Structures are given as structure tokens and as C-alpha cells.
Amino acid sequence: MISPHHLHALAAAWSLHAALARLTKLTEDEATQILAECLEAADSLRSPSWGSRRSGGHSDPVSGLLLASQRTERINRWATLAERAERRLTGIAGMLRTPADLGPLGQIITAIPQLQPGTAAVVHRHLVDEDTWVRAAVGLSPDRKPLPGVACPHCGERQLVVQAAGPVEAWTVVCATGRLCVGRGCPCGMPGAVEGAAHIWPRAAVLGAVAGPHTNPLTRPTRGPTMPVEIAKWKTVHAICHHVYGDEWDDEEAAQAYDEEGNGLCADCG
């Protein structure tokens with residue numbers, strides 16, 4: 001069962017994936033710049049015997065040797081940071097025993113769903129530390145955007161935030177209030193709810209199905225952990241304006257499948 005720890009770990013992994021992509025681009029750009037600097041002609045050549053001469057034309061061959069001996073290739077600082085990140089991720093991936101042909105981060109993403117919740121929580125902390133460090137180095141802000149007009153499945157406040165790193169199906173939603181889960185019977189309605197974990201939901205669970213009788217888009221107890229579970233009707237919403245469209249569904253998967261065919265904006269907002 002996918003617990004909140006698994007969702008947090010996957011969200012951190014995809015966030016780090018985006019940060020490393022930015023770091024890779026900076027590394028390549030820096031390598032190109034360093035190569036261009038090495039190929040530049042010298043502005044002037046100096047020789048104890050011949051004095052200063054402009055580059056090009058006839059010149060003292062000794063001056064060229066002197067210039068070449070003094071020029072050293074500049075260190076690619078982005079490459080140094082990328083190598084450090086690679087070493088850290090390789091160490092984490094090595095403990096998870098996954099196929100090595102995916103690359104360290106690919107191994108971690110593949111292994112997370114099969115981990116025990118406690119192990120997923122540890123991996124999550126490591127990935128958050130690395131993601132924070134890389135994003136600070138490359139000047140990249142978190143891939144987050146507000147989700148206006150949608151109530152939190154737990155507290156009902158409209159302060160949800162989409163964590164939008166990685167493919168759309170990997171996006172998750174968190175509540176900006178920072179309230180923690182109370183475990184079994186928590187109004188958040190998450191399967192495998194863990195006491196003390198920050199609330200998190202798959203994006204499809206929040207956007208793709210809005211429950212009719214409750215503000216909670218997930219099946220939830222009506223009151224307290226000992227009360228019977230009420231199966232709510234499911235409705236589909238437009239991806240951008242979040243206005244409800246279509247019929248009610250008794251099955252969540254059917255509602256989400258129908259929702260994927262909907263436009264981003266309804267007729268009134270489009």
C-alpha cells in the first residue's frame with residue numbers, strides 16, 4: 001500500500017530530477033564556455049627577446065610556448081556539483097538493490113513504491129536534503145503552484161498547493177496549513193494514513209474526483225474512527241477552473257477516466 005511516506009518520497013525524487021536537469025544544463029553550458037575560452041586567440045604575446053606583439057602574422061615562437069605554458073583550463077564548477085550529487089544518489093540507490101541501468105535517481109524512483117513506509121520516510125529525508133542543496137546552488141525555486149478554489153480534504157481550508165515536478169501523473173497536493181495526520185480515522189481519508197506525517201494526496205484524487213456530500217474528495221468516515229464509512233458520489237472537474245461537469249459516479253476510477261477527457265476550462269471560463 002502506498003502511504004504518505006511513499007508519496008512524499010516520490011515527490012521529492014521528481015523535484016530532485018528537475019533540479020538535476022537544470023544542473024546538467026548549466027554544466028553543459030559551462031563546458032562549452034570553457035572550450036571557447038581555450039580556443040580564443042591571445043590578445044598579445046610577450047617575449048623577453050621580442051617584446052610584445054599582437055597575435056597573428058609573424059611572431060616569436062618562444063612567446064607562443066610561454067603563453068601556452070601559462071594558460072590553464074578553468075574548472076567547471078557545475079560539473080563538480082553534479083559529481084557530488086551523483087555520488088550521494090549512488091550511495092542511496094546502492095542500498096535499495098535496484099537495476100543499475102536506470103541511473104541512481106531512476107533506481108530510487110523505481111524502488112520507492114516497494115519500500116516499507118519507514119524506509120520510504122528515510123529516503124524522503126535524504127532526497128529533500130539533496131533537492132534543497134541543488135536548487136539553492138542553481139537558483140531554482142520549488143516546482144509548486146497554488147490550487148485555488150479547492151478545499152483541503154482534511155481541514156476544508158482552501159490552501160492547497162500542487163507539487164508539479166515530474167510527469168503529471170506523479171504530481172501531488174499538499175496543504176499549506178501544515179497540519180499533520182492523526183493516523184487511522186483521520187479525516188484526510190488517505191489509505192495507509194500515518195500519524196505525524198504531513199498530509200499529501202495524489203493530484204488525481206483531489207482534482208479528478210470531488211465528492212458530492214462532503215468537501216473531501218476521498219471516501220471518509222462520517223464522524224470519528226468508529227463510525228461507518230459513507231461512500232460519497234464522485235464528480236469530475238475541469239483541470240484549470242475546477243468547475244464541476246458531467247454526471248456523478250459511484251466509482252472513482254471511472255470518474256478519473258472521464259475527467260481525463262475534459263477540457264481545461266469550462267464554457268463559462270473559456
Side-chain angles (χ1 to χ4, degrees), residues 1-19 21 105 108-110 112-113 117 120 124 127-128 131 140-181 186-194 197-212 214-220 232-246 248-249 251-266 269:
M1 179 183 294
I2 298 294
S3 71
H5 289 316
H6 293 92
L7 292 177
H8 281 299
L10 286 170
W14 284 114
S15 179
L16 179 56
H17 182 274
L105 188 55
I108 294 171
I109 293 175
T110 301
I112 286 175
H124 168 238
L127 294 177
V128 167
D131 181 53
L140 188 64
S141 58
D143 297 312
R144 299 180 125 204
K145 50 188 179 182
L147 187 61
V150 179
C152 173
H154 171 256
C155 64
E157 296 189 25
R158 301 179 186 272
Q159 298 190 44
L160 295 180
V161 177
V162 178
Q163 299 182 130
V168 175
E169 59 269 20
W171 291 6
T172 53
V173 175
V174 296
C175 184
T177 62
R179 295 187 177 95
L180 303 180
C181 183
C186 181
C188 69
M190 272 297 296
V194 179
H199 284 113
I200 184 171
W201 301 269
R203 175 180 176 272
V206 177
L207 287 187
V210 179
H214 295 289
T215 57
N216 189 349
L218 301 170
T219 301
R220 57 177 287 186
K233 291 289 186 181
W234 298 80
K235 293 183 180 180
T236 48
V237 296
H238 288 279
I240 297 178
C241 67
H242 313 306
H243 290 160
V244 177
Y245 73 93
E248 293 184 341
W249 303 82
D251 179 70
E252 175 187 2
E253 294 183 1
Q256 291 180 5
Y258 181 78
D259 183 59
E260 292 175 356
E261 301 175 1
N263 295 324
L265 290 170
C266 66
C269 298

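We're numbering straight along the sequence, starting at 1. The basis for the numbers below is simple: all heavy atoms, side chains too, and nothing from hydrogens, waters or symmetry mates. This one's a predicted model, so the numbers in the text were calculated from it and none came from an experiment.
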Residues which pass side-chain contact (heavy atoms from CB on, under 4.5 Å) with A197, listed by chain and number, not counting sequence neighbours | P4, H5, V194
Check side-chain contact (heavy atoms from CB on, under 4.5 Å) between A176 and all other residues, then give those that pass, not counting sequence neighbours.
-> Q159, V161
Is the backbone of P148 close enough, under 3.5 Å, to the side chain of R158 for a donor and an acceptor to pair up by distance?
-> no
From C188 SG over to L180 CG, what is the distance, rounded to the nearest 0.5 angstrom?
-> 11.0 Å
Which residues share a side-chain contact (heavy atoms from CB on, under 4.5 Å) with I2, sequence neighbours left out | H6, L7, P113
Heavy-atom closest pair, residues C155 and T177 = SG-OG1, 4.2 Å
With sequence neighbours excluded, residues passing ring pair (Phe, Tyr, Trp, His ring centres under 6.0 Å) with H124 | H8
Please identify each residue that fulfils ring pair (Phe, Tyr, Trp, His ring centres under 6.0 Å) with H199, with sequence neighbours left out.
-> H154, W201
What closest approach, in Å, do W171 and A164 show between heavy atoms, and which atom pair accounts for it?
-> NE1-O, 3.2 Å
Where do A18 and L140 come nearest, in terms of heavy atoms and distance?
-> O-CD2, 4.2 Å
Closest non-hydrogen atoms of A9 and A120, given as atom of the first, atom of the second and distance, are CB-O, 3.6 Å
Is there any salt bridge (charged side-chain N to carboxylate O under 4.0 Å, His left out) pair reaching into residues 167-181, and which pairs are they, with sequence neighbours excluded?
-> E157-R179
Apply side chain to side chain donor-acceptor pair (under 3.5 Å) to T172 and list each qualifying residue two or more places apart in sequence or on a separate chain.
-> Q163
Beyond-backbone contact of I112 with L127, side-chain heavy atoms, under 4.5 angstrom | yes
Is any side-chain heavy atom of L160 closer than 4.5 Å to a side-chain heavy atom of P153?
-> yes
